[in-house]
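Written below as C-alpha coordinates is the structure these notes are about.
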Amino acid sequence: MKATGDVELADESKYRSPIGSLLFLAKQIRPDILFGVIILSRFMAEPTKAHMNAAKRTLGYRRGSSNLKVFYCKQNNLILLGERDADWSGERNDCKSTIGFY
(Lines give C-alpha, C1' and ligand atoms only; values in the text may rest on other atoms or scores of the structure.)
Protein backbone atom coordinates (compact mmCIF):
# COMPACT_ATOMS: atom_id res chain seq x y z
CA MET A 1 0.00 0.00 0.00
CA LYS A 2 1.53 3.28 -1.06
CA ALA A 3 1.06 6.10 1.38
CA THR A 4 -0.99 8.98 0.05
CA GLY A 5 -1.40 12.48 1.40
CA ASP A 6 -4.31 11.56 3.67
CA VAL A 7 -2.50 8.62 5.35
CA GLU A 8 -0.51 9.36 8.50
CA LEU A 9 3.01 7.93 8.35
CA ALA A 10 4.68 6.26 11.32
CA ASP A 11 8.29 6.77 12.41
CA GLU A 12 10.46 4.39 10.35
CA SER A 13 13.01 3.81 13.11
CA LYS A 14 10.29 2.88 15.60
CA TYR A 15 8.71 0.52 13.04
CA ARG A 16 11.94 -1.31 12.20
CA SER A 17 12.62 -2.50 15.74
CA PRO A 18 9.46 -4.61 16.23
CA ILE A 19 9.62 -5.89 12.65
CA GLY A 20 13.22 -7.03 13.17
CA SER A 21 12.25 -8.81 16.36
CA LEU A 22 9.26 -10.44 14.69
CA LEU A 23 11.37 -11.60 11.73
CA PHE A 24 13.84 -13.23 14.12
CA LEU A 25 11.05 -14.95 16.06
CA ALA A 26 9.26 -16.09 12.92
CA LYS A 27 12.40 -17.59 11.46
CA GLN A 28 13.65 -19.25 14.65
CA ILE A 29 10.71 -20.39 16.75
CA ARG A 30 7.35 -19.04 15.54
CA PRO A 31 6.62 -20.09 11.93
CA ASP A 32 2.91 -19.40 12.51
CA ILE A 33 3.49 -15.63 12.31
CA LEU A 34 5.87 -15.73 9.34
CA PHE A 35 3.42 -14.81 6.58
CA GLY A 36 2.05 -11.78 8.41
CA VAL A 37 5.51 -10.57 9.36
CA ILE A 38 6.70 -10.84 5.76
CA ILE A 39 3.76 -8.72 4.62
CA LEU A 40 4.50 -6.15 7.34
CA SER A 41 8.17 -6.04 6.40
CA ARG A 42 7.26 -4.87 2.89
CA PHE A 43 6.36 -1.47 4.33
CA MET A 44 9.70 -0.68 6.00
CA ALA A 45 10.29 2.35 3.76
CA GLU A 46 6.91 4.04 4.34
CA PRO A 47 5.10 2.54 7.34
CA THR A 48 1.76 4.03 8.28
CA LYS A 49 0.07 4.09 11.67
CA ALA A 50 -2.03 1.11 10.52
CA HIS A 51 1.14 -0.89 9.84
CA MET A 52 2.52 0.03 13.26
CA ASN A 53 -0.74 -1.09 14.90
CA ALA A 54 -0.62 -4.39 12.99
CA ALA A 55 2.97 -4.96 14.17
CA LYS A 56 1.91 -4.28 17.77
CA ARG A 57 -1.04 -6.69 17.42
CA THR A 58 1.33 -9.36 16.11
CA LEU A 59 3.61 -8.86 19.11
CA GLY A 60 0.55 -9.13 21.36
CA TYR A 61 -0.48 -12.38 19.65
CA ARG A 62 3.00 -13.75 20.26
CA ARG A 63 2.80 -12.94 23.95
CA GLY A 64 -0.71 -14.37 24.29
CA SER A 65 0.12 -17.63 22.53
CA SER A 66 3.50 -18.42 24.07
CA ASN A 67 2.22 -21.79 25.29
CA LEU A 68 1.71 -23.03 21.69
CA LYS A 69 4.65 -25.05 20.38
CA VAL A 70 5.67 -27.30 17.51
CA PHE A 71 7.36 -30.53 18.57
CA TYR A 72 9.54 -32.75 16.41
CA CYS A 73 10.07 -36.30 17.65
CA LYS A 74 12.95 -38.52 16.63
CA GLN A 75 11.74 -41.70 14.98
CA ASN A 76 13.49 -44.19 12.74
CA ASN A 77 10.79 -44.09 10.09
CA LEU A 78 10.11 -40.35 10.18
CA ILE A 79 9.34 -38.88 6.76
CA LEU A 80 9.11 -35.10 6.50
CA LEU A 81 6.69 -33.85 3.89
CA GLY A 82 6.18 -30.30 2.77
CA GLU A 83 4.15 -28.21 0.40
CA ARG A 84 4.58 -24.88 -1.20
CA ASP A 85 2.15 -22.53 -2.81
CA ALA A 86 2.72 -19.50 -4.98
CA ASP A 87 0.34 -16.67 -5.70
CA TRP A 88 1.69 -14.78 -8.69
CA SER A 89 0.79 -11.10 -8.34
CA GLY A 90 -2.20 -11.81 -6.12
CA GLU A 91 -1.20 -9.05 -3.73
CA ARG A 92 -3.40 -6.07 -4.62
CA ASN A 93 -1.26 -3.52 -2.81
CA ASP A 94 1.98 -3.94 -4.74
CA CYS A 95 1.42 -6.79 -7.26
CA LYS A 96 4.29 -8.87 -5.83
CA SER A 97 4.12 -12.63 -5.77
CA THR A 98 3.80 -14.42 -2.45
CA ILE A 99 5.28 -17.85 -1.77
CA GLY A 100 4.59 -19.93 1.30
CA PHE A 101 5.80 -23.34 2.39
CA TYR A 102 5.71 -25.68 5.33
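Computed over heavy atoms, backbone and side chain alike; hydrogens, waters and symmetry mates excluded. Along the sequence shown, residues are numbered consecutively beginning with 1.
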Quick one: pull up [atom1] in [X] and [atom2] in [Y] and give me the separation to the nearest 0.5 Å.
X: Arg63; Y: Thr58; atom1: CZ; atom2: OG1; result: 11.0 Å
X: Ile39; Y: Arg42; atom1: CD1; atom2: CZ; result: 4.0 Å
X: Leu23; Y: Ile38; atom1: CG; atom2: CD1; result: 7.5 Å
X: Ser21; Y: Ile19; atom1: OG; atom2: CD1; result: 9.0 Å

Got a sec, which residues hit side-chain hydrogen bond (donor to acceptor under 3.5 Å, both in side chains) with Asn67, two or more places apart in sequence or on another chain?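 Once residues adjacent in sequence are excluded, Asn67 has no partner under the side-chain hydrogen bond (donor to acceptor under 3.5 Å, both in side chains) criterion.
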
How would you list, by chain and number, every residue that makes a side-chain hydrogen bond (donor to acceptor under 3.5 Å, both in side chains) with Ser13, sequence neighbours excluded?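 Listed in chain order: Asp11.
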
Those residues that, when tested against Arg57, pass salt bridge (Lys or Arg N to Asp or Glu O under 4.0 Å) (two or more places apart):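 Applying salt bridge (Lys or Arg N to Asp or Glu O under 4.0 Å) to Arg57 gives none.
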
Residues two or more places apart in sequence or in another chain: which of them pass side chain to side chain contact (heavy atoms under 4.5 Å, CB included) with [X]?
X: Ile29; value: Leu25
X: Lys27; value: none
X: Asp32; value: Arg30, Tyr61

Nearest heavy-atom pair of Tyr15 and Phe43: which atoms, and what distance? CE2-O, 3.7 Å

Correct closest heavy-atom pair for Glu46 and His51 would be O-ND1, 4.2 Å

Are Met44 and Met52 connected in a single hydrophobic cluster, I mean Ile/Leu/Val/Met/Phe/Trp/Tyr linked by side-chain heavy atoms less than 4.5 Å apart?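 Yes; tracing contacts between hydrophobic side chains, which count when under 4.5 Å, links both residues.
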
For the hydrophobic clusters of this structure (ILVMFWY residues joined by side-chain heavy atoms under 4.5 Å, transitively), does one cluster hold both Ile33 and Phe35? yes

